[in-house]
Protein chains: 4
Amino acid sequence: MTAVPLSRSGAISGGTHAFLTRVYYEDTDAAGIVYYANYLKFAERARTELLRLLGFDQERLRQEAGFAFAVRRCVAEYLMPARLDDELTVTSRLTALGGATLEVEQRIRRDAAELVRLDVTLACVAASGRPVRLPRPLRAALSQLLPTSPVVAHHAR
Amino acid sequence: MTAVPLSRSGAISGGTHAFLTRVYYEDTDAAGIVYYANYLKFAERARTELLRLLGFDQERLRQEAGFAFAVRRCVAEYLMPARLDDELTVTSRLTALGGATLEVEQRIRRDAAELVRLDVTLACVAASGRPVRLPRPLRAALSQLLPTSPVVAHHAR
Amino acid sequence: MTAVPLSRSGAISGGTHAFLTRVYYEDTDAAGIVYYANYLKFAERARTELLRLLGFDQERLRQEAGFAFAVRRCVAEYLMPARLDDELTVTSRLTALGGATLEVEQRIRRDAAELVRLDVTLACVAASGRPVRLPRPLRAALSQLLPTSPVVAHHAR
Amino acid sequence: MTAVPLSRSGAISGGTHAFLTRVYYEDTDAAGIVYYANYLKFAERARTELLRLLGFDQERLRQEAGFAFAVRRCVAEYLMPARLDDELTVTSRLTALGGATLEVEQRIRRDAAELVRLDVTLACVAASGRPVRLPRPLRAALSQLLPTSPVVAHHAR
């Protein structure tokens with residue numbers, strides 16, 4: 001995590017994006033904890049803000065470039081529950097970048113406690129739903145985040 | 001309510017549509033009751049099934065006729081809370097039918113107890129969001145449900 | 001709205017609380033706009049943050065004082081739709097404060113455009129669901145926000 | 001799938017539970033398809049109805065036996081998207097049953113097309129969140145559903 005306060009879109013540091021989100025009544029269920037599907041919403045908010053920080057707006061990508069990200073696979077491990085009023089940090093780290101897919105490792109924490117681990121595979125799809133290659137500028141921006149990228153290695157680590 | 005078992009789309013009797021829906025964990029919150037916004041989902045499921053019973057599929061209306069219903073106004077009164085596992089009946093009664101708008105009175109009950117009252121004003125809109133007149137066949141079908149309709153008055157009351 | 005950047009909990013100025021929230025995919029529907037029930041989530045986030053700014057945490061109120069707020073009535077007028085990626089401002093103004101109830105006028109805007117108007121009546125309830133009087137410190141804090149309060153009139157306007 | 005019409009709670013046949021659920025506007029997003037987190041809601045509805053068919057009500061289990069199921073792990077593979085108005089079948093098959101955990105293989109289909117595969121590991125937890133052993137009657141009922149159960153093998157396969 002960064003020492004400086006996070007903007008609403010979070011911050012990228014050392015190839016890891018950190019994003020804060022709050023638990024409201026809407027997220028909880030009668031067991032008094034966050035409903036298991038809602039962590040996937042938190043994770044998607046974080047991915048959206050990571051793209052926004054890189055200069056890419058999903059609504060504009062959809063309208064101008066005619067494409068969107070579709071989740072192909074999501075592995076969620078629930079270690080500890082989040083509760084009403086918790087402030088959560090979602091960290092996102094790009095772990096693979098293919099021609100039309102990418103893999104993101106996401107962790108949801110409350111302070112130092114890791115609550116949920118999500119490993120998400122996304123595909124770049126056209127409006128038709130068919131897979132398409134990532135647009136070159138988006139791919140270039142994302143590749144900066146890869147752990148093996150020399151740019152990241154030299155400047156940010 | 002009708003004596004015969006309701007189909008998944010519910011049933012229309014005496015101008016009133018009745019529809020059953022169940023409360024799951026996803027609908028509840030940390031206070032142990034259904035979250036206040038989620039009753040609006042139940043109400044919309046009921047309106048959708050009422051249209052389906054009349055022969056109108058919202059997805060087809062959107063793709064073929066290029067229009068959708070937009071909620072213009074919704075008044076919700078919360079009398080008693082619903083809880084996990086409750087089976088709820090949503091009744092819907094058309095109370096007004098204009099050129100491009102309609103008003104629906106919806107009540108959510110658990111057995112005999114009235115839990116939530118919803119009065120909803122809907123507008124017929126084009127894909128652009130501009131108001132458009134209700135397509136004639138849909139309007140004809142809906143007018144059968146009006147309390148002042150002689151057809152309803154003679155046969156169903 | 002205030003000229004200074006809003007904190008995550010928003011800011012109170014002249015008796016009006018302003019809170020920023022972002023539209024994500026989870027909030028939208030197949031019509032390409034925010035689903036009508038989800039504005040009620042945005043409104044509740046704003047009310048929660050208003051309470052937090054006043055020093056009251058809903059989860060602590062629930063666990064320590066054994067009470068919660070229940071929505072009794074909600075009138076929503078939908079003027080214009082919000083869309084994916086919109087940044088919305090929710091303003092909340094207390095308009096009435098009774099022994100066990102309060103009324104809040106909430107407006108959801110995108111820049112200068114008013115999108116949704118919500119008038120919400122809340123009741124203070126015990127864990128059992130029975131109405132209870134507002135705890136004195138909470139009532140004192142809320143009364144500062146009333147438009148007729150001389151404190152607000154002298155200092156903040 | 002069975003030839004007889006499913007009840008609201010679905011039906012169990014050959015150790016597999018089948019449950020029908022409909023896609024409404026609330027489930028879709030601006031991409032025109034079901035939002036990826038919402039399939040987890042469909043899956044949980046199905047698990048809840050499977051328990052109900054076996055005679056176990058989650059709200060009663062929570063209040064009387066003081067326990068609930070917590071999802072420990074969920075692997076979701078998204079093969080094809082579901083859309084507004086789709087009627088989906090969720091099939092659930094118990095694949096493992098430990099002292100305090102169980103594994104369920106769930107598949108979401110539209111007609112013959114498999115859309116989403118979910119493999120879910122659940123733990124039995126007390127109100128405190130601590131793992132507890134499955135109550136004996138529930139365990140007995142569930143063990144009937146295991147593929148290796150001789151009862152299932154003789155009568156239903």
Side-chain angles (χ1 to χ4, degrees), chain A residues 5-10 19-28 30 32-35 37-53 55-64 67-71 74 81-90 110 120 122 125 127 129, chain C residues 5-10 19-28 30 32-35 37-53 55-64 67-71 74 81-90 110 120 122 125 127 129:
Chain A
L6 300 182
S7 85
R8 280 168 202 291
S9 289
F19 169 74
L20 291 181
T21 199
R22 177 75 77 172
V23 175
Y24 295 105
Y25 265 113
E26 67 189 85
D27 306 309
T28 60
I33 57 178
V34 169
Y35 183 69
N38 292 340
Y39 296 99
L40 277 66
K41 296 184 179 180
F42 301 161
E44 201 254 301
R45 293 177 196 174
R47 296 193 303 269
T48 294
E49 296 300 341
L50 167 56
L51 285 174
R52 199 190 316 281
L53 271 185
F56 298 90
D57 212 60
Q58 293 209 68
E59 178 67 358
R60 221 178 321 138
L61 285 173
R62 194 167 70 89
Q63 294 195 343
E64 293 175 11
F67 91 90
F69 286 104
V71 175
C74 173
R83 294 177 188 281
L84 187 62
D85 282 333
D86 281 352
E87 189 170 57
L88 305 177
T89 304
V90 186
R110 180 184 51 222
V120 183
L122 297 134
V125 294
Chain C
L6 301 181
S7 85
R8 277 168 203 290
S9 288
F19 169 75
L20 291 181
T21 199
R22 177 75 76 173
V23 176
Y24 295 106
Y25 265 113
E26 67 189 84
D27 305 307
T28 59
I33 58 179
V34 169
Y35 182 67
N38 291 341
Y39 296 99
L40 276 66
K41 296 184 180 179
F42 301 162
E44 202 254 302
R45 293 177 196 174
R47 295 193 303 269
T48 293
E49 295 300 341
L50 168 56
L51 285 174
R52 199 189 315 280
L53 270 185
F56 297 91
D57 213 60
Q58 292 208 70
E59 179 66 358
R60 223 181 316 139
L61 285 173
R62 195 167 71 89
Q63 293 195 344
E64 293 176 12
F67 93 90
F69 286 104
V71 176
C74 174
R83 294 176 188 282
L84 188 61
D85 281 332
D86 281 351
E87 189 171 55
L88 305 178
T89 304
V90 186
R110 180 183 50 223
V120 183
L122 297 137
V125 295

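Reminder, nothing fancy here: chain letters follow the sequence lines and each chain counts from 1.
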Which of A:Asp86, A:Asp57, A:Thr48 touches chain C most, by non-hydrogen pairs under 4.5 Å: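 Of A:Asp86, A:Asp57, A:Thr48, A:Asp57 has the most heavy-atom pairs under 4.5 Å with chain C.
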Residue pair A:Arg22 / C:Arg45, side-chain heavy-atom distance below 4.5 Å: no
Pairwise side-chain contact, C:Gln58 with A:Tyr24, heavy-atom cut-off 4.5 Å (strictly under): no
Inter-residue atom distance C:Arg8.CZ - A:Leu20.CG, 0.5 Å rounding: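 CG of A:Leu20 is found 4.5 Å from CZ of C:Arg8.
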Spacing of C:Arg47 atom CZ and A:Tyr25 atom OH [to the nearest 0.5 Å]: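 That separation rounds to 11.0 Å.
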Nearest heavy atoms of C:Glu59 and A:Asp85, plus distance in Å: N-OD2, 2.8 Å
Most contacts with chain A, counted as non-hydrogen pairs under 4.5 angstrom, among C:Arg52, C:Arg62, C:Glu49, C:Glu87: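 The option with the most such pairs is C:Arg52.
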